[in-house]
Amino acid sequence: MVKLRLKRCGRKQRAVYRIVAIDVRSRREGRDLRKVGFYDPINNQTYLNVPAILYFLEKGAQPTATVHDILKKAGVFTELSLNQTKFN
């Protein structure tokens, strides 16, 4: 199973995080499948590769609680629901 979770980067006391798609069995700093975003809690900056995130969510990837909050704030789930609506 694949999860979207945070991977810590940066120096001591100045953490920045990459949002990655990673296998559940891997540890936090393990090898990721793909980098799909970036989150800086100190400057409150977020960069998201929305097409890649939507691809993994459509394939069944589960975001962790923190990543879910970041994606919800960015409005990714509204785009996901728009992509899943079928027009007849």
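This structure is a prediction, so every number in the text was calculated from the model and none was measured. In this chain, numbering begins with 1 at the start of the sequence shown.
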Please check: side-chain N/O of Asp40 versus main-chain N/O of Ile42, any donor-acceptor pairing under 3.5 Å? yes
Interatomic distance, CZ@Phe38 vs CD1@Ile70, rounded to 0.5 Å, equals 11.0 Å
Interatomic distance, CZ@Arg34 vs CD1@Ile53, rounded to 0.5 Å, equals 10.0 Å
Measuring from Leu48:CG to Tyr39:OH, what's the distance to the nearest 0.5 Å? 11.0 Å
Mind checking whether Lys3 and Met1 have side chains closer than 4.5 Å, heavy atoms only? yes
Taking every heavy atom of Pro41 against every heavy atom of Ala15, the minimum-distance pair comes out as CD-O, 3.7 Å
Would you kindly confirm whether Leu71 and Val2 end up in one hydrophobic cluster when ILVMFWY residues are joined by side chain heavy atoms under 4.5 Å apart? yes
For the atom pair CD1 (Ile19) and NZ (Lys7), what is the distance rounded to the nearest 0.5 Å? 13.0 Å
Are Val50 and Leu6 connected in the hydrophobic side-chain network, where two residues link if heavy atoms are under 4.5 Å apart? yes
Exercise: identify the closest heavy-atom pair between Phe77 and His68: CZ-CD2, 3.4 Å
Between Arg31 and Ile22, what is the shortest heavy-atom contact and its length? O-CG1, 3.6 Å
Please report the interatomic distance CG(Asn49) to OH(Tyr55), rounded to the nearest 0.5 Å. 13.0 Å
Can you measure from SG (Cys9) to NZ (Lys35) and round to the nearest 0.5 angstrom? 8.5 Å
From the list Leu4, Leu54, Leu57, Val67, side chain to side chain contact (heavy atoms under 4.5 Å, CB included) partner of Val36 resolves to Leu4
